[in-house]
Amino acid sequence: MKKDGDTSKTTIWGYGAFGFGANCLGGILGSFLTLYLTDNLFLSAAFIAAMMLVGRIANACMEFLCGVIMDRMHSKKGKARPWMLWTALGTALPVFMVFNTPAGLGDLGTKIWVIVSYMLHIAVFGAAISIAYSTLLVKITSNPNVRVKMTNLSHLLGQVGALIASSYGIPILMYFGGYQKGYRGMSFIFCTVGFIGMLLTGIICKEEPENVEAMLEEERRKIEEKKNQLPLKESLGYVFTNKYAFPLLSMYVLYNFAAMLLGSVTVYYMRDVMGHAEYMTQISYAKIIPIILVGAIGLVPMASRKFGKKTALMAGAIALMTGFVIIAFAPVSLAAVMVGNAFVGIGTAFYGALMGASIADVADYVNRKNKVDVSGTVSSVAYMGMRIGMAFGSVGITVLLELGHYDAEAANAGLSQAASMITMEKVGYIYIPLICYALLVLISKFMDVDKAIAKLEA
């Protein structure tokens, strides 16, 4: 096999397969789960909101628990790889189950089936496989350049998976006849592809023995270092007393809130406001192709090096905001919505990439300024913002449905929604994201952390 550093091309592509598979599952969940629960199962928005909120909280807790367990596990296949092999089916199957809730269970039985299926996916197997996937990268190679290539490829293939799910979900659903038959066929295809993608990562990506030994040595070193670690209260003090903590936290909350809300409200908007749910295909291409092109060309690192991260972040936020300004002026024009989503794609490519780099920059700044190491705490704060944003984004669509008095029976009969619901869909698809991205432009003005680091080094 051809080698790239100390890792084969097969392994690099095998690691990327997870991104494709996971985003096939995430794509149909984000785009169609709420629609299925309201229109097919006639579940209330309040129930859906409560379930998703509890699911996100449980996911965060289980990810932490799985990480602790994984650190203490040893097997012939390694630490992380066995989890990839064991949990791939458990992650995909519950998604198929929730989209194939049996008829005749009654209201209580239906809710129990949906809750159990959703929690198995997001809070049990999904939490375990996500931690295993992150940990596996450390076990595969110690070459930082190869790690970047692996994560970039996985992100790129993930965007392709999301593009396929959002673009062809509706056509596949209609091909199988719509309603429950349509969801059965669509979910079977994407869950099968998702399962295979995640399983391939576990099969192909083997932990290197020398890296396992190196990690054991690293763990021994960390045990010794723990004797001199700062108390949690003091670590949080260093993090939150620096001027970049709240901008970083706010960035993650707002960005992920808008992304989660858009993922759910788009299909409602296309069907009820624009009149054609099939527009999901064109809109998805208009948004995701710029993301892929910007990533492939390498515009983000070039802009960051030439103009600085703060300017690049602001440019990304401005592109995001501009996209929804364009849509606001012509909310029912397919051409305007596609152009707007192209700007959103460009902004997403910039902002999504640079947010991750901002965590490292803020951690570096705090560490250098105070001569401490609170890198993990800074990362935890940022990811806490991500979880908060995702939780409120998941709940946000159900709040809009409740406020707009969504009529699932009218939707099934092909009738228009009430004017109040059309208004709420416009609010969720255009104006809330527009406000979030306008705030991100302002927040990004304060993220000159790379310049602050340079001053400390001077």
Side-chain angles (χ1 to χ4, degrees), residues 27-52 95-115 117-118 165-191 261-284 331-332 334 337 394-429:
I28 61 171
L29 279 175
S31 297
F32 302 109
L33 178 59
T34 304
L35 186 70
Y36 175 77
L37 296 180
T38 55
D39 289 18
N40 279 55
L41 303 185
F42 301 104
L43 296 176
S44 69
F47 167 80
I48 299 170
M51 181 186 73
M52 289 184 172
V95 178
F96 180 78
M97 290 171 58
V98 77
F99 279 111
N100 291 272
T101 302
L105 293 178
D107 182 64
L108 179 60
T110 297
K111 289 179 178 177
I112 292 174
W113 179 279
V114 170
I115 290 172
S117 301
Y118 184 74
S166 58
S167 299
Y168 296 105
I170 290 292
I172 292 174
L173 192 153
M174 299 309 297
Y175 173 81
F176 285 103
Y179 301 102
Q180 186 56 60
K181 287 184 178 179
Y183 279 108
R184 182 176 296 115
M186 181 192 71
S187 60
F188 177 79
I189 290 174
F190 284 109
C191 289
L261 179 62
L262 281 168
S264 298
V265 78
T266 299
V267 65
Y268 290 95
Y269 186 88
M270 295 300 129
R271 185 193 64 187
D272 300 334
V273 179
M274 299 190 66
H276 297 281
E278 293 82 1
Y279 283 166
M280 285 278 290
T281 301
Q282 293 96 314
I283 299 304
S284 297
V332 296
L334 178 60
V337 175
S394 298
V395 173
I397 179 61
T398 63
V399 173
L400 294 174
L401 295 176
E402 192 73 25
L403 293 175
H405 306 292
Y406 180 72
D407 189 342
E409 293 183 356
N412 280 308
L415 302 176
S416 300
Q417 293 293 321
S420 59
M421 190 63 237
I422 299 297
T423 299
M424 286 296 104
E425 289 174 359
K426 288 181 179 179
V427 168
Y429 186 75

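Just so we're clear, the structure is a prediction, and the values are computed from it rather than from any experiment. Only heavy atoms go into these numbers, but all of them, side chains included; no hydrogens, no water, no symmetry mates.
- Counting all heavy atoms, side chain and backbone alike, Ala46 lies closest to Glu402 at N-OE1, 4.1 Å.
- Here the CD atom belonging to Glu425 is positioned 10.5 Å from the OG1 atom belonging to Thr266, to the nearest 0.5 angstrom.
- Under a 3.5 Å cut-off, the side chain of Thr101 and the backbone N or O of Val98 do form a donor-acceptor pair.
- Evaluated for a side chain to side chain contact (heavy atoms under 4.5 Å, CB included) with Met51, the options Ile115, Val395, Leu43 yield exactly one hit, Ile115.
- Atom CG of residue Asp407 and atom CG of residue Leu401 lie 11.5 Å apart, to the nearest 0.5 angstrom.
- Within a 6.0 Å sphere centred on OH of Tyr175, other residues, nucleotides and ligands contribute 12 heavy atoms or fewer.
- Within the 4.5 Å cutoff, the side chain of Val273 has no heavy atoms near those of the Tyr429 side chain.
- With values rounded to the nearest 0.5 angstrom, Met270 atom CE is found 11.0 Å from Thr281 atom OG1.
- The side-chain heavy atoms of Met424 and Val427, taken from C-beta on, include a pair separated by under 4.5 Å.
- The minimum heavy-atom distance linking Gln180 with Asn40 is given by the pair N-ND2, 3.6 Å.
- Closest non-hydrogen pair, Ser31 versus Val267, comes out as O-CG1, 3.2 Å.
- A distance-only check finds no donor-acceptor pair linking the side chain of Ser264 to the backbone of Leu261 [under 3.5 Å].
- Judged by distance alone, the side chains of Asn100 and Tyr36 never bring a donor and an acceptor atom under 3.5 Å apart.
- Contact between Gly27 and Ala165 at its shortest, heavy atoms only, is CA-CB, 3.8 Å.
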*Where do Phe47 and Thr398 land on the side-chain contact (heavy atoms from CB on, under 4.5 Å) test, with the steps shown first?*
CA-CA 9 Å; Phe47 167 80; Thr398 63; over 6 Å; no

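- By the side-chain contact (heavy atoms from CB on, under 4.5 Å) test, Phe188 pairs with Phe96, Thr192, sequence neighbours left out.
- The distance from the CD1 atom of Ile170 to the OH atom of Tyr279 is 13.5 Å, given to the nearest 0.5 Å.
- In this structure, the separation between CD on Gln417 and CG on Leu415 is 9.0 Å, given to the nearest 0.5 Å.
- Ring centers of Tyr406 and Tyr268: under 6.0 Å apart, within the cut-off.
- Under a cut-off of 6.0 angstrom, the local environment of OH in Tyr168 is sparse, with at most 12 non-hydrogen atoms contributed by other residues, nucleotides or ligands.
- Within the 4.5 Å cutoff, the side chain of Ile189 has heavy atoms near those of the Phe176 side chain.
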*How far apart are the C-alpha atoms of Val337 and Val332, what are their side-chain angles, what is the distance that settles it, and do they pass the side-chain contact (heavy atoms from CB on, under 4.5 Å) test?*
CA-CA 8 Å; Val337 175; Val332 296; over 6 Å; no

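- Residues Phe99 and Leu29 are in side-chain contact: their nearest non-hydrogen atoms beyond the backbone lie under 4.5 Å apart.
- Atom CG in Leu33 sits 7.5 Å away from atom CD1 in Ile48 (nearest 0.5 Å).
- Minimum interatomic distance between Met52 and Ser394 (heavy atoms only, all atoms of both residues): SD-O, 3.5 Å.
- Closest heavy-atom contact between Leu262 and Gly428: CD2-O, 4.4 Å.
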_Pair Leu334, His276 - check side-chain contact (heavy atoms from CB on, under 4.5 Å), show working._
CA-CA 10 Å; Leu334 178 60; His276 297 281; over 6 Å; no

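- In this pair, Tyr183 and Phe32 present their aromatic rings perpendicular. The plane angle is above 60°, beyond the 30 to 60° band.
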*Please assess Asn412 against Tyr179 for the test side-chain contact (heavy atoms from CB on, under 4.5 Å), listing each intermediate value before the final yes or no.*
CA-CA 9 Å; Asn412 280 308; Tyr179 301 102; 3.5 Å; yes

